[in-house]
Participant: 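Have a look at the structure that comes next, please.
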Amino acid sequence: MEIANKIVSAVKAGILELYGTEVSESMIQLQETRPEFEGQLTVVVFPFLKISRKKPEDTAQDLGTFLKTQIPEVIQDFNVIKGFLNLTIQPSQWIDLLLDIQQQEHFGFVPVTEDSPLVMIEYSSPNTNKPLHLGHVRNNLLGWALANVMQANGNKVVKTNIVNDRGIHICKSMLAWQYYGNGETPESSGKKGDHLIGDYYVAFDQHYREQVKELVEKGMDEETAKQEAPLIKEAHDMLVKWEQNDPEVRSLWKRMNDWVYAGFDETYKALGVGFDKIYYESETYLEGREKVEEGLEKGLFYRREDGSVWADLTPEGLDEKLLLRSDGTSVYMTQDIGTAKLRFQDFPIDKMIYVVGNEQNYHFQVLSILLDKLGFKWGKDLVHFSYGMVELPNGKMKSREGTVVDADDLIATMIADARQMSADKVNKLENITDEEAQEIARVVGLGALKYFILKVDARKNMLFNPEESIDFNGNTGPFIQYTYARIRSILRKAAEQGIEIPEKLSSDITLSNKEISLIQHLQGFALAVRQAGQDYNPSCIANYCYELVKEYNQFYHDFSILREEDNNKKLLRIVLSAAVSQVIKDGMGLLGIEMPERM
RNA sequence: GGUUCGGUAGCUCAGUUGGAUUAGAGCAGCAGCCUUCUAAGCUGCGGGUCAAGGGUUCGAGCCCCUUCCGAAUCACCA
């Protein structure tokens with residue numbers, strides 16, 4: 001950062017002095033020099049040609065000479081190739097930069113202050129009728145990572161979850177449990193609460209389809225049969241009773257939901273995610289109705305003859321959107337409006353981010369417009385952090401076809417596989433207890449899963465290949481964790497030899513290209529964090545970490561560190577290693593991935 | 001049909017605000033490297049019309065237009 005700033009302002013001064021024109025900083029392009037050329041940083045001079053009215057080579061030559069005489073403490077030398085001005089930086093500059101990075105608590109993070117804007121992030125948003133699956137895993141990991149990224153970019157962050165705890169689907173589970181459950185509980189069955197309820201949801205669907213089939217065989221057409229089957233009618237009745245606060249229905253509903261929440265909490269804990277504030281749709285849907293009525297009075301919406309309420313969004317190029325059914329009950333959109341209202345009462349939100357799958361792009365487009373019309377100042381530029389589907393090698397995830405990947409199963413499998421991998425490893429760690437081994441397996445297994453999902457650009461549909469995800473070779477979490485553990489091992493050994501990480505380094509060390517390059521890449525972490533915040537995309541941090549680790553690995557194999565005889569050089573490499581491990585830990589920490597001290 | 005998002009190696013994915021005659025990783029395949037700080041590693045080889053065509057300019061995988069292919073969505077479901 002420092003070095004680049006010095007150069008940029010010097011270039012600016014140079015253009016002014018040489019050609020008498022003020023240029024904006026965005027015109028000054030500073031980039032890393034390609035390895036095949038001499039130097040470390042390159043100024044692209046093409047943008048200045050119109051100002052200089054000279055050939056690219058001459059312009060670069062002018063500028064290089066200016067820089068070398070103007071800031072000799074930064075620029076050691078320069079060379080010109082076509083329109084590219086390659087700068088060789090004074091080694092002491094790199095050493096200062098390295099020390100700066102190493103000594104900062106969290107290099108590249110922007111501190112959060114009293115005045116920082118408040119960002120609320122909604123993610124997870126489960127239904128209480130079935131357990132979490134792979135799609136939810138992607139959502140949770142993205143939400144958690146994004147929250148960390150926003151905070152690292154200097155925002156106050158409130159993590160929130162909206163639980164969809166009401167509606168026909170919940171009634172289906174309740175009904176099935178009443179009919180086929182024999183009073184089964186999580187305790188009596190030994191099942192996790194969310195799995196138990198999920199099983200009854202499936203049971204409902206089976207029996208319901210049988211009923212439909214019977215009716216069709218009796219001569220009813222399928223559409224009518226779907227509406228007339230006794231089970232679905234009962235479910236609807238139950239929903240009505242629920243809305244009327246029927247004590248019996250409400251008490252069963254509460255009991256079963258509590259089972260589910262206990263199950264979800266376990267899964268969230270295993271994934272390492274959490275929330276600051278949880279909202280329930282059962283508490284927000286009425287607020288939404290009020291807000292819609294309010295909008296209706298203001299003439300923002302209109303009522304049809306059958307009593308249903310609509311928003312006309314054709315001026316915005318969208319359709320008409322239903323807000324209240326003809327019977328006065330709420331739809332999804334109404335609930336989101338209600339939730340928004342409550343949230344705004346609770347927090348002074350500056351920015352709202354919804355982490356929701358891309359199948360709801362249209363919904364959020366509409367929600368943004370509606371919230372804006374209803375006077376929420378953050379409504380207009382709310383962010384729908386839209387992520388793609390997770391597909392499986394043999395097709396998409398579909399619950400009906402039994403191709404869902406259950407979150408709990410997945411986590412357990414990852415940890416078990418990590419355990420197996422470390423057992424098979426050639427150089428096994430000695431002197432570790434079984435508990436320690438299990439803890440390492442947990443960290444590594446989850447690291448593998450999280451990294452595999454987070455390294456992919458969130459917007460894209462991704463393919464989850466279970467076999468590949470447990471392969472710890474290549475661009476994977478365990479590869480990064482492993483490098484980290486090795487660095488930590490070196491630092492431990494250094495400490496055993498009585499070598500502390502120095503606060504200062506001799507300024508006349510000759511740096512190799514690889515060392516300079518590594519320091520430069522460390523610096524890039526700040527950019528990666530900023531970019532992740534701007535684009536709402538954690539994947540660039542994952543890929544940054546991988547690049548850094550890969551480069552360090554080559555470094556590691558080319559140079560010995562503890563066996564280096566030149567003491568200054570040894571200290572430099574120790575500081576460099578410490579800085580790399582620190583940056584990796586911070587980067588992976590943003591993704592919610594833990595780093596093992598040994599593995 | 002409308003809207004939104006995608007298309008980069010056999011497969012999974014990167015590619016920073018447009019930059020350097022040669023577009024990168026990993027997996028899979030082949031060939032090397034453990035008396036040396038953890039070999040879950042490192043090095044080398046093969047593999048590409050960046051979907052297609054046009055435009056913008058000193059310069060395009062990236063920006064604009066057209067076309068083709070794929071996904072999502074357009075419900076009194078959530």
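Quick note on labels: first sequence line is chain A, next is B, and so on, each numbered from 1. The structure presented is a predicted model; accordingly, all values stated were derived computationally and were not measured.
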Participant: Please give, in whole Å, the distance from B:U17 P to A:Gln31 CD?
Facilitator: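 Computing the A:Gln31:CD to B:U17:P distance gives 12 Å.
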Participant: Nearest whole angstrom, please: distance from the P of B:C5 to the CE of A:Met389.
Facilitator: 16 Å
Participant: Using centres under 5.5 Å plus planes under 30 degrees as the test, is A:Tyr546 stacked with B:A25?
Facilitator: no
Participant: For A:Arg459, which contact category applies under a 4.0 Å heavy-atom criterion: base, sugar-phosphate, or nothing?
Facilitator: sugar-phosphate
Participant: Of all of residues 436-446 of chain A, which get a heavy atom below 4.0 angstrom from RNA chain B, listed by number?
Facilitator: none
Participant: For the side chain of A:Thr483 and the base of B:A40, is some donor closer than 3.5 Å to an acceptor across the two?
Facilitator: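 Absent.
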Participant: Separation of A:Leu85 atom CG from B:G19 atom P, in whole Å?
Facilitator: 18 Å
Participant: Report yes if the side chains of A:Glu57 and A:Gln61 come closer than 4.5 Å at any heavy-atom pair, otherwise no.
Facilitator: no
Participant: Just call it for A:Ser386: base, sugar-phosphate, or nothing, with non-hydrogen atoms closer than 4.0 Å on any strand.
Facilitator: nothing
Participant: Applying the 5.5 Å / 30° rule, does A:Tyr556 stack onto the base of B:G41?
Facilitator: no
Participant: Expressed as a whole number of angstroms, how long is the span from A:Gln554:CD to B:G41:P?
Facilitator: 13 Å
Participant: Between A:Tyr362 and B:U73, does any side-chain N or O lie under 4.0 Å from OP1 or OP2?
Facilitator: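 No, outside the criterion.
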Participant: Within the 3.5 Å criterion, strictly below it, is a donor on A:Ser326 or A:Ser308 matched to an acceptor on the partner's side chain?
Facilitator: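 Result is no, nothing qualifies.
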Participant: Within the structure shown, what part of the strands sits under 4.0 Å from A:Asp558 by heavy-atom distance: base, sugar-phosphate, or nothing?
Facilitator: nothing
Participant: Rounded to the nearest angstrom, tell me the gap between atom CD1 in A:Ile561 and atom P in B:U36.
Facilitator: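 In whole Å, B:U36 P and A:Ile561 CD1 are 17 Å from each other.
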Participant: Nearest-nucleotide wise, let me know which of A:Phe452 and A:Phe479 is further upstream toward the 5' end of RNA chain B.
Facilitator: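 Final value for this comparison: A:Phe452.
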Participant: Mapping A:Ser330 and A:Leu463 onto RNA chain B by nearest heavy atom, which one lands closer to the 5' end?
Facilitator: A:Leu463
Participant: Determine the contact category for A:Glu547: base if any of its heavy atoms lies under 4.0 Å from a base atom, sugar-phosphate if only primed atoms, P, OP1 or OP2 are that close, otherwise nothing.
Facilitator: nothing
Participant: Can you name the one residue among A:Ile440, A:Val444, A:Ile584 that meets side chain to side chain contact (heavy atoms under 4.5 Å, CB included) with A:Gln481?
Facilitator: A:Val444
Participant: What contact category does A:Phe559 fall into here, base, sugar-phosphate, or nothing, at under 4.0 angstrom with non-hydrogen atoms?
Facilitator: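 The residue A:Phe559 makes base contact.
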Participant: Using a heavy-atom cut-off of under 4.0 Å over every strand shown, decide if A:Ala485 touches base, sugar-phosphate, or nothing.
Facilitator: base
Participant: What does A:Asp336 touch in the nucleic acid at a heavy-atom separation under 4.0 angstrom: a base, only the sugar-phosphate, or nothing?
Facilitator: nothing
Participant: With rounding to whole Å, what would you report as the distance between B:A14 and B:G6 at their C1' atoms?
Facilitator: 16 Å
Participant: What nucleic acid atoms does A:Val456 come within less than 4.0 Å of, heavy atoms only: base, sugar-phosphate, or nothing?
Facilitator: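 Sugar-phosphate, backbone atoms only, no base.
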Participant: Could you say whether the aromatic ring of A:Tyr332 and the base of B:C77 stack, counting only centre distances under 5.5 Å and plane angles under 30°?
Facilitator: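 No, A:Tyr332 does not stack on the base of B:C77.
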Participant: Map every base of RNA chain B to its dot-bracket character, where paired means a Watson-Crick or G-U wobble contact with both distances under 3.5 Å and | marks a partner outside the strand.
Facilitator: (((((((..((((.....[....)))).(((((.......))))).....(((((..]....))))))))))))....
Participant: Counting any heavy atom closer than 4.0 Å, what does A:Phe46 reach on the DNA or RNA strands: base, sugar-phosphate only, or nothing?
Facilitator: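 Base contact.
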Participant: NA contact type, A:Gln481, heavy-atom cut-off 4.0 Å: base, sugar-phosphate, or nothing?
Facilitator: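 Nothing, no nucleic acid heavy atom in range.
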